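Scroll down for the structure; my scribbles are underneath it.
Everything numeric here is computed off the predicted structure, so don't read it as measured data.
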Amino acid sequence: QVQLAESGGELVQPGGSLRLSCVASGTIYSSDIMGWFRQGPGKEREFVAAINWRLGKTWYTDSVKGRFRISRDAAENAVYLQMNNLELEDTAVYYCALSKSVYIDYRPEAYAFWGQGTQVTVSS
């Protein structure tokens with residue numbers, strides 16, 4: 001029912017910034033949690049950030065805390081990931097996902113809906 005579409009990924013130099021967007025075609029409910037995951041070359045998919053839709057409470061994985069910021073715009077039915085001070089290790093396909101769980105969950109399997117992903121490549 002819910003469809004998610006990411007955009008904004010591109011080639012960027014180390015230290016640069018990017019803003020990823022995810023637009024939902026279905027309804028995002030106030031009880032939902034929207035998250036960003038990423039999967040780098042040869043790595044497993046990992047949690048990056050999440051936001052509670054109702055209050056905007058956020059969670060981040062340690063490696064991006066202080067550099068990335070997740071936000072949402074209910075009017076646009078969208079979630080964003082502002083990425084600053086990008087590092088080579090941030091290179092990955094970034095996915096937007098939606099969880100119907102009552103509690104924050106860092107596991108990919110806890111998220112029922114996924115976008116197709118957008119490639120972020122950090123390289124000099």
Side-chain angles (χ1 to χ4, degrees):
Q1 184 176 357
V2 176
Q3 290 183 269
L4 307 175
E6 307 95 332
S7 63
E10 63 181 52
L11 175 66
V12 64
Q13 292 182 297
S17 298
L18 281 177
R19 189 193 192 204
L20 304 183
S21 299
C22 173
V23 178
S25 61
T27 302
I28 301 177
Y29 295 93
S30 61
S31 57
D32 290 342
I33 293 174
M34 291 288 287
W36 286 96
F37 287 77
R38 66 185 181 186
Q39 187 163 14
K43 300 180 179 180
E44 295 183 354
R45 190 168 300 186
E46 67 171 347
F47 173 84
V48 176
I51 186 167
N52 169 271
W53 206 251
R54 179 170 61 88
L55 297 177
K57 179 178 174 61
T58 58
W59 298 264
Y60 298 92
T61 190
D62 288 344
S63 64
V64 309
K65 193 174 182 62
R67 297 190 298 122
F68 292 9
R69 181 171 62 83
I70 188 172
S71 62
R72 90 288 200 210
D73 186 337
E76 297 295 331
N77 219 36
V79 62
Y80 307 96
L81 185 68
Q82 178 65 47
M83 305 185 294
N84 299 320
N85 300 313
L86 284 161
E87 303 170 353
L88 297 179
E89 294 74 19
D90 293 319
T91 295
V93 176
Y94 283 71
Y95 298 90
C96 174
L98 185 152
S99 173
K100 294 293 185 179
S101 177
V102 175
Y103 303 102
I104 181 64
D105 199 315
Y106 306 105
R107 302 172 299 162
E109 53 263 41
Y111 292 74
F113 303 95
W114 294 82
Q116 79 290 342
T118 184
Q119 176 71 50
V120 172
T121 301
V122 184
S123 177
S124 59

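Atom CD of Q3 is surrounded by 12 or fewer heavy atoms from other residues, nucleotides or ligands within 6.0 Å. Atom CD of Q1 has 12 or fewer neighbouring heavy atoms from other residues, nucleotides or ligands inside a 6.0 Å radius. With a 6.0 Å radius and a threshold of 12 heavy atoms from other residues, nucleotides or ligands, R45 has its CZ atom above the threshold.
Residues W36 and V79 have side chains in contact (heavy-atom distance under 4.5 Å, counting atoms from C-beta outward). Inter-residue side-chain proximity for L18 and L86 is flagged as met; some heavy-atom pair is nearer than 4.5 Å. Looking only at side-chain heavy atoms (C-beta outward), D90 and M83 stay at 4.5 Å or farther from each other. The shortest distance between side-chain heavy atoms of R38 and V64 falls below 4.5 Å. Between V93 and T118, every side-chain heavy-atom pair lies at or beyond the 4.5 Å cut-off. Between E87 and R67, some side-chain heavy-atom pair lies under the 4.5 Å cut-off. Annotation: side chain of L4 is in contact with side chain of C22 (closest heavy-atom distance under 4.5 Å).
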(Q) The test is side chain to side chain contact (heavy atoms under 4.5 Å, CB included); show your working for F47 and Y60 and say whether it passes. (A) CA-CA 8 Å; F47 173 84; Y60 298 92; 5.7 Å; no
Q) Given V2 and T27, is the side chain to side chain contact (heavy atoms under 4.5 Å, CB included) satisfied, shown in steps? A) CA-CA 7 Å; V2 176; T27 302; 6.0 Å; no
Q) Could you go step by step and tell me if M34 and W53 meet the side chain to side chain contact (heavy atoms under 4.5 Å, CB included) rule? A) CA-CA 7 Å; M34 291 288 287; W53 206 251; 3.7 Å; yes
Q | Derivation of the side chain to side chain contact (heavy atoms under 4.5 Å, CB included) call for I51 and I33 | A | CA-CA 6 Å; I51 186 167; I33 293 174; over 6 Å; no
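Side-chain N or O atoms of R69 include none that pairs as donor or acceptor with a backbone N or O of K65 at under 3.5 Å. At least one donor-acceptor pair under 3.5 Å links the side chain of Y111 to the backbone N or O of D105. Between the side chain of N52 and the backbone N or O of S31, no donor-acceptor pair lies under 3.5 Å. Here the side chain of T91 pairs a donor or acceptor atom with the backbone of V122 at under 3.5 angstrom. A donor-acceptor pair is defined here as one N or O able to donate and one able to accept, closer than 3.5 Å; no such pair exists between the side chain of S30 and the backbone of R54. Between the side chain of S21 and the backbone N or O of Y80, no donor-acceptor pair lies under 3.5 Å.
Between F37 and W114, the gap from one ring centroid to the other is short of 6.0 Å.
Between F68 and Y94, the ring-plane angle classifies as tilted under the 30° and 60° cut-offs.
The shortest heavy-atom contact between G16 and V12 is CA-CG2, 4.0 Å.
Defined by atom type and a distance below 3.5 Å, a donor-acceptor pair is present between the side-chain atoms of Q82 and N84. For the 3.5 Å distance criterion, the side chains of E6 and Q116 qualify, holding a donor opposite an acceptor.
Atom OG1 of T61 and atom CD of E46 lie 6.0 Å apart (nearest 0.5 Å). Atom-to-atom distance recorded for L81:CG and C96:SG is 10.0 Å, nearest 0.5 angstrom. Note that the CD1 atom of I104 and the OG atom of S99 stand 7.0 Å from one another [nearest 0.5 Å].
Residues passing the ring pair (Phe, Tyr, Trp, His ring centres under 6.0 Å) test with Y29: none are found, sequence neighbours excluded. Here K100 pairs with D32 under the salt bridge (charged side-chain N to carboxylate O under 4.0 Å, His left out) rule; sequence neighbours left out.
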